[in-house]
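Mind looking over this structure? Questions follow.
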Amino acid sequence: MQFGDIVILTGAGISKESGIETFRDRDGLWSKVNMEDVATPEGFARDPKYVLDFHNRCRRDLRGDNIRPNAAHDALARLEREWPGQVLLVTQNVDDLHDRAGSGNLIHMHGEMFKTRCDACGDIHDREDDTTLETPCPACGQAGGVRPHVVWFGEMPFQMDEIQAAVGSCSLFMSIGTSGVVYPAAGFVQEAIFRARAHTVELNLEPSEGASMFAEQHYGPATEVVPTFVDKLLAGQASF
Ligand code: APR
């Protein structure tokens, strides 16, 4: 068994069994709202109140009593605690379920629903309550510039240098619960293969767009396939 470094990319599928809808499944979020209206800088410029209200609703939904980390989030937190090498978890999800499960070495590359930032002074702050166009920035006090700290289409994901360094030097790259259509995340598997010569594993409900690029694939609900694979890794039975 090798004790190399691991990079894990997660997407909406890992939170589906926690009660959070995905984006592109038949009943996904993008079948209900127009993503250009709610998740682009142009949409925000056109109708900021509509975009803030949408994010307020999402934030309230994520605080529902029924929303909690599932066995897949727990398994990844356990992997980080018990794996002798480094484990970096990169999530595209804006929910806080990996945080609540206890993952510490975690990058929210598409931002976080429970943070907002101020376009006037750049401050990033925790946010539990709703925001309006009148909400003042807690740092500079200016109203009108507070926006969700999430990455919209056309914006650059966060901490890309750090992610690319880790992907380019890992031994194992895992992709979990993501459709593999949104770049740059969808390109990480190729970087892991060509730059790091890493073993690559896809864990998903069904084959993703980039499934054929992965050396190993396991399909099923995240709450089943992720704990099983983590158990195998920690027991030294994984074949890489
Ligand atoms: N277990 C595992 N995988 C699942 C489950 C489940 N229970 N349910 C659904 N999936 C899979 C789907 O088969 C699909 O491949 O999760 C994937 C979800 O894909 P998307 O909805 O496209 O979500 P994601 O890949 O995270 O989207 C990437 O797109 O809209 C943007 O910024 C948003 O971060 C998001 C990005």
Side-chain angles (χ1 to χ4, degrees), residues 7-44 51 54-55 58-59 61-62 66-76 89-99 101 106-115 147-160 163 173-189 200-214 216-230:
V7 176
I8 304 161
L9 173 70
T10 63
I14 198 168
S15 295
K16 171 79 179 176
E17 291 159 88
S18 290
I20 300 172
E21 58 195 349
T22 62
F23 296 96
R24 292 176 186 77
D25 289 318
R26 201 184 303 276
D27 58 346
L29 190 59
W30 296 150
S31 70
K32 296 171 190 158
V33 288
N34 183 351
M35 81 188 177
E36 280 155 22
D37 290 338
V38 297
T40 62
E42 294 78 14
F44 189 52
V51 175
F54 168 77
H55 286 78
C58 292
R59 205 177 293 115
D61 288 347
L62 289 179
N66 53 330
I67 307 287
R68 60 182 74 92
N70 64 45
H73 299 101
D74 292 341
L76 297 184
L89 180 52
V90 179
T91 189
Q92 300 168 89
N93 299 344
V94 295
D95 66 55
D96 62 349
L97 297 184
H98 285 307
D99 310 69
L106 170 64
I107 293 177
H108 279 277
M109 67 177 289
H110 289 170
E112 296 173 67
M113 193 54 83
F114 293 105
K115 291 194 169 145
R147 61 157 279 180
H149 186 52
V150 299
V151 175
W152 291 325
F153 289 95
E155 296 183 320
M156 182 59 86
F158 301 127
Q159 293 176 261
M160 282 304 296
I163 296 169
F173 175 78
M174 294 162 63
S175 175
I176 302 174
T178 176
S179 56
V181 298
V182 174
Y183 283 80
F188 293 166
V189 59
T200 53
V201 180
E202 170 165 277
L203 306 177
N204 206 39
L205 190 59
E206 59 198 7
S208 73
E209 197 78 6
S212 62
M213 284 186 279
F214 290 85
E216 186 177 347
Q217 300 97 347
H218 300 277
Y219 297 116
T223 54
E224 292 172 19
V225 291
V226 177
T228 302
F229 192 76
V230 165

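None of these values were measured; they are calculated from a predicted model. Numbers here simply count residues along the sequence, with the first being 1. Indexing begins at 1, ligand by ligand and atom by atom, following the structure's order.
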remark   = Exactly one of M213, M174, Q217 clears side chain to side chain contact (heavy atoms under 4.5 Å, CB included) with E202, and that residue is Q217

ask   = Looking at E17 and A222, what are the two nearest heavy atoms and their distance?
value = OE2-N, 3.1 Å

query = Is the shortest distance from a Lys or Arg side-chain nitrogen in K16 or D27 to a carboxylate oxygen in the other one below 4.0 Å?
reply = yes

message = For E36, I'd like to know if atom CD has over 12 heavy atoms of other residues, nucleotides or ligands within 6.0 Å.
response = no

request  = Output, in order, the C-alpha distance, side-chain angles, deciding distance and verdict of salt bridge (charged side-chain N to carboxylate O under 4.0 Å, His left out) for E21 and R26.
outcome  = CA-CA 10 Å; E21 58 195 349; R26 201 184 303 276; over 6 Å; no

Within the 4.0 Å heavy-atom sphere of ligand 1, strictly under, residues = G11, A12, G13, K16, E17, T22, F23, R24, D25, W30, Q92, H110, F153, G177, T178, S179, V182, N204, L205, E206, G220, P221, A222

task = Could I get the full list of side-chain contact (heavy atoms from CB on, under 4.5 Å) partners for F114, not counting sequence neighbours?
result = R59, L62, R63, D96, E128

